[in-house]
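Comments concern the structure below.
In each ligand, atom 1 is the first atom listed, and ligand 1 is the first ligand listed. When reading the values below, keep in mind they use all heavy atoms of this one structure, side chains included, and skip hydrogens, waters and symmetry mates. Small disclaimer: the values here were computed from a predicted structure and weren't measured.
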Amino acid sequence: MKTHVRVLVIGGGVVGVSTLYHLTKKGWTDVALIERTELTAGSTWHAAGLLPLFNMSYTVGQLHKYSVDLYKRLPEETGQDVSFHVTGNLRLATCKERMDEYQKYCGTANTIGVPFEVISPARVKELWPLIELGGSADTPAIVGALYHPHDGHIAPADLTMALRKGARSAGAEIYEHTEALGIERSASGEWQVRTSKGDITAEHLVLATGNYARQSGRLLGLDVPAIPVEHQYIVYDQSAELKAYRQGGGRELAVLRESDKSYYLREERLGWILGPYENGAPARFADGVPDWFGRSLFPGDLDRLVPYVEAATRRVPALESCGIKDIVNGPISYTPDGSPLIGPAWGLPNVWLNEGHSFGITAAGGSGWQLAEWIVEEEPGIDMLAVDPRRFGAYTSKRYVVKKNEETYRNVFVIHFPDEERPDARPAKTSPVYALVDAKGAVWGQRYGWERANWFAPPGVERRDRWSFRRSNYFEHVGNEARLMRERVGIIDLTPFTKHEVTGPGAESWLDGLVANKVPAKIGRMSLCHALTRRGGIRSEFTITKIAEQYYYVVSAGAAERYDSDYLFKSLPRDGSVGLRNITNTRGCFVLAGPKSRAVLAQLTDTPLDNASFPWLTAQTVEAGLAVEVYALRVNFVGALGWELHFPIEYAHHLFDALFEAGKAHGIGMVGMRAMESLRLEKSYRMWGSDMTPDYTPFEAGLDRFVRMNKGAFIGKEALEKQLALGVPNRFVTLEVHGVTDADPLGNEPLFDTSGRVIGRATSGYYGHCLRKSLAIGYTRAEFAPPGTQLAIEILGERKQATVVRESPYDPDNLDLRA
Ligand SMILES: Cc1cc2nc3c(=O)[nH]c(=O)nc-3n(C[C@H](O)[C@H](O)[C@H](O)COP(=O)(O)OP(=O)(O)OC[C@H]3O[C@@H](n4cnc5c(N)ncnc54)[C@H](O)[C@@H]3O)c2cc1C
């Protein structure tokens, strides 16, 4: 066994072996994998082998697509068959909302380039002759289906062996029966892994340990938010009807999913495999996998399966006469949002996670591909924010993860409404004024563990969302909140913002090297700054304010806390010249905005607030009411006169009451996240994570005014220079969408030119309540970006005409902000 390697992968399931394979593809061959028992001994051996291309996430969709393409090439490349049955995949719909979901997905599929068909019930019957089209109360009529002709199912163990062969033939080593027992950082900064067969030192470590993620994380002091849930499928004996159909020349049936009944069905040796996502499946191994478990399974739980068996039998009567051969009940790794954890571990250099896979057979190819790219090139090749392990924070306690994973599991097949907010493990993190905000009628949502008010139900209105892909019950109320902000004054509680304090003699020059804009040199100035990837994409957005000499206050998205904090801490110079503190939980933030905001704030402070004394884009430390040390920043995300008040957290209650008291005469009210979305769209403000991602440079994002190419070096500058020399391929656009009556764009819709070619994608969209227009923002190829260009956007399967309009359709000259 080698004692030193460049990368050591821990875990010999399909995901670990794929990572190893892809590292060798990138030219890193001094790599090894250790497996505590035998390859595929974890979840991989008992997986059903389905490879669904369907996924609502833009990122995961791309990973799955890569996998399916790779698996088709592998046998020829490695000489190892993988039993890939390209049967196609059929997802049934029995209601209009389900068809809306499929149509929403189709928009994403179109932007990724995944082929699909939306088909009629008659075509379903043609493709799947053994199906009942239904029409009764317990077997509703099929109204349509989504068909992917190019995916199917595979043999997971064969796939792993093919990847193994590919990796080994390129020089990678695999050591079975070798368990990682302890990990320490050596003086040189490398990772020393104590294994059951001796020590191995590695520059980089990859954890790909499936159900063992909790205990392997603990070897490094990491609380990995991946806990398995029980997952079962039934293996049936041969089916006479199926046999007759196949002997009559019928081709292998597509994998069938009746989403509205939460199960899948596929052929297996002239019988069937039926797999439901049941209610009540428990999380397991929250404290780790016990030694005795090994390659075991859990006993089958037939009671939990019965309702799904009955539903499937009504849909496919051929199941009725089949005996049950086996029930497979195994642990399947889950995370609180159902997506895997692929990317850097927080707080530890050169430690990488490829964990939390619930569709790991499908995702293994793509996750190995991108993780290898990240390790070797220091950046992934596509936007990986949706699977980055740092999208979760310290709030993912064991109980939180257990509850959320059980909830995610039983919701695998629910309709994924864009405004869905799941109830379990809530409320967890709340702002100190939660009860006060709640008393104002808040209808809550959750992001990064924080409760945030999405909208406010006026007295007498039900405090409940009716989730939809279309305009819903809250539409009018959100509109009223948006107009309140534009016409009078409103408050948004943005306490969840991520906040860092950067101090010391080296603070300015360090920050300057991290971001593309010039960091403010004068006290009281602020800059909107973007940290870029080495490829020039946008990795983070920070509002950097100089509060005092050698003291910067750095604010970024609430959901980016661990992601940004990890990046900042890992980038710190080692000479002690810069102090960095994450002060997210020590300061609250209220946005006070609207034409009357000055009159309201003036009652609480002696600081002059007129334009000369307190201009737009400046900051001052003020007293407000009884609160001291309030950083008042004259900026906001809604495009109105106003201030962000960042205050010591202990004043939250007082300040909230004082602002409401002072604002009473002006009709002050609360404004929620959905109204904020509408307001920011009217101003073409880009949101980190959707409109600003590593896929696009600041030039593509139209953020040129925040890039100083003539300052010193900063990360990503070389890539930007190259892009300027070659030409900027895509451009940010704002679109007015015509003819919308009930389904506004929401992001991830494809954009077409007049000849019907896809020429871009919307990254966000909403109804602009004050402009009374349906709006989208996104990216097109550069030649389609000039205002006035006519395009089409596909919303839930319908093409709508859209016109590229000038940026910031509301108040393009920022007169409100400067008022
Ligand atoms: C019943 C069932 C059906 C499924 N069906 C499908 C499907 O149809 N399609 C699909 O895409 N997915 C499916 N899955 C999910 C799929 O099985 C997993 O997502 C996938 O196998 C995960 O692979 P992995 O490599 O991450 O983990 P694993 O296969 O669990 O591998 C992890 C490996 O790490 C090793 N290990 C752990 N700790 C250490 C250590 N300290 N030192 C050395 N080695 C260690 C373990 O022994 C294990 O071999 C199914 C899962 C279940 C339970």
Side-chain angles (χ1 to χ4, degrees), residues 8-20 33-53 55 63-64 67-68 71 89 151-157 159-160 163 174-183 193-197 200 205-220 226 228-235 255 264 266 273 275-277 281 284-285 288-289 293-295 297-298 300 326-335 340-342 353-368 409:
L8 181 67
V9 179
I10 304 178
V14 66
V15 170
V17 181
S18 169
T19 309
L20 193 74
L33 179 147
I34 55 172
E35 161 54 48
R36 60 190 288 280
T37 57
E38 287 158 6
L39 295 189
T40 75
S43 278
T44 299
W45 77 268
H46 51 64
L50 310 181
L51 300 175
L53 279 165
N55 198 286
L63 300 181
H64 286 190
S67 295
V68 168
Y71 302 165
N89 228 298
D151 61 14
H153 60 90
I154 201 164
L159 168 63
T160 312
L163 292 164
I174 293 178
Y175 308 118
E176 292 181 278
H177 301 285
T178 307
E179 182 172 5
L181 301 169
I183 304 173
V193 180
R194 183 165 50 84
T195 82
S196 48
K197 296 271 181 70
I200 309 182
L205 268 190
V206 177
L207 304 191
T209 56
N211 301 316
Y212 292 76
R214 297 288 283 179
Q215 63 248 66
S216 46
R218 272 202 294 273
L219 296 179
L220 288 152
V229 178
E230 280 188 26
H231 179 43
Q232 323 190 64
Y233 60 78
I234 302 172
V235 186
V255 176
Y264 63 75
R266 79 156 168 90
I273 284 184
Y277 283 79
R284 301 297 294 254
F285 308 147
V289 185
F293 190 78
R295 257 185 115 113
L297 291 168
F298 305 114
D326 200 3
I327 296 178
V328 173
N329 184 6
I332 185 166
S333 189
Y334 259 81
T335 63
L341 308 163
I342 310 168
L353 303 184
N354 204 349
E355 297 282 19
H357 284 276
S358 52
F359 283 94
I361 310 304
T362 320
S367 71
Y409 177 86

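Distances between N or O atoms of Ala180 and those of ligand 1 include at least one value under 3.5 Å. Annotation: Pro331 places no N or O atom under 3.5 Å from an N or O atom of ligand 1; distance criterion only. When only interatomic distances are considered, the shortest N/O to N/O separation between Ile10 and ligand 1 does not fall below 3.5 Å. Ligand 1 has a nitrogen or oxygen under 3.5 angstrom from a nitrogen or oxygen of Thr362. Checked against a 3.5 angstrom limit, the closest N/O atoms of Val328 and ligand 1 fall outside it. Ligand 1 has no N or O atom lying under 3.5 Å from any N or O atom of Glu179, backbone or side chain. Residue Ile361 has at least one N or O atom closer than 3.5 Å to an N or O atom of ligand 1. At under 3.5 Å, a nitrogen or oxygen of Gly49, whether backbone or side chain, sits near a nitrogen or oxygen of ligand 1.
Judged purely by atom type and a 3.5 angstrom limit, Thr362 uses its side chain to pair as donor or acceptor with the backbone of Leu50. Looking only at distances, no side-chain donor or acceptor of Glu179 sits under 3.5 Å from a matching main-chain atom of Thr195. Of the possible donor and acceptor atoms, one in the side chain of Arg266 sits under 3.5 Å from a partner among the backbone N and O of Ala48. Under a 3.5 Å cut-off, the side chain of Ser18 and the backbone N or O of Val14 do not form any donor-acceptor pair. Using modelled atom types, one side-chain atom of Asp151 and one backbone atom of Leu53 make a donor-acceptor pair closer than 3.5 Å.
For ligand 1, the atoms lying closer than 4.0 Å to a non-hydrogen atom of Gly13 are 25 (O), 29 (O), 31 (O), 33 (C). Residue contact check: Val15 has heavy atoms under 4.0 Å from atoms 23 (O), 24 (P), 25 (O), 26 (O) of ligand 1. Atoms of ligand 1 found under 4.0 Å from any heavy atom of Thr178, numbered from 1 in the order shown, are 43 (C). Heavy-atom proximity to Ile34, at under 4.0 Å, picks out these atoms of ligand 1: 43 (C), 44 (N). Against a heavy-atom cut-off of under 4.0 Å, Ser358 is close to the following atoms of ligand 1: 12 (N), 14 (N), 15 (C), 19 (O). The contact set between ligand 1 and Leu50, taken as ligand atoms under 4.0 Å from a residue heavy atom, comprises 7 (C), 8 (O), 9 (N), 10 (C), 11 (O). Shown in contact with Tyr233 at under 4.0 Å from a heavy atom are these atoms of ligand 1, numbered in order with element: 1 (C), 3 (C). Heavy-atom proximity to His357, at under 4.0 Å, picks out these atoms of ligand 1: 18 (C), 19 (O).
Protein heavy atom at the shortest distance from atom 53 (C) of ligand 1 is His46 CE1, 3.2 Å. Of all protein heavy atoms, the one lying nearest to atom 21 (O) of ligand 1 is Thr44 OG1, 3.0 Å. Protein heavy atom in closest approach to atom 1 (C) of ligand 1: His231 O, 3.4 Å. In terms of protein heavy atoms, atom 5 (N) of ligand 1 is closest to Ala48 N, 3.0 Å. Of the protein's heavy atoms, Gly210 CA, 3.5 Å lies nearest to atom 27 (O) of ligand 1. Atom 34 (O) of ligand 1 has as its closest protein heavy atom Gly11 CA, 3.2 Å. Summary of contacts: the protein heavy atom closest to atom 39 (C) of ligand 1 is Arg36 CD, 3.7 Å. When hydrogens are left out, the protein atom nearest atom 33 (C) of ligand 1 is Glu35 OE1, 3.5 Å; that is the closest non-hydrogen contact.
Put simply, the side chain of Tyr212 does not reach to within 4.5 Å of the side chain of Phe285, judged on heavy atoms. A heavy-atom distance below 4.5 Å is not found between the side chains of Thr335 and Pro340. No side-chain heavy atom of His177 sits less than 4.5 Å from a side-chain heavy atom of Glu35.
Across all non-hydrogen atoms, the minimal contact from Arg295 to Ala41 is CG-O, 3.7 Å. Taking both residues in full, the closest heavy atoms of Gly210 and Glu355 are given as N-OE1, 2.9 Å, listed atom of the first, atom of the second, then distance. For the residue pair Gly366 and Ser67, the shortest heavy atom distance occurs at N-OG, 2.9 Å. The shortest heavy-atom contact between Lys197 and Glu176 is NZ-O, 3.6 Å. Across Thr19 and Val15, no two heavy atoms sit closer than the pair OG1-O, 2.7 Å. Summarising the geometry of Ser43 relative to Ile332, their closest heavy-atom pair is OG-CA, 4.3 Å, with the distance given to 0.1 Å.
Proximity annotation for atom 14 (N) of ligand 1: of Ala47, Gly360, Ser216, Ala47 comes nearest, heavy atoms only.
In summary, the aromatic rings of Tyr233 and His46 are positioned with their centroids too far apart to meet the 6.0 Å limit.
The residue Pro156 has no part lying near ligand 1, judged by heavy-atom distances below 4.0 Å.
Aromatic ring orientation, Tyr409 versus Tyr334: perpendicular (interplanar angle above 60°, classes split at 30° and 60°).
Within the structure, ligand 1 lacks Ser333 among the residues with a heavy atom less than 4.0 angstrom away.
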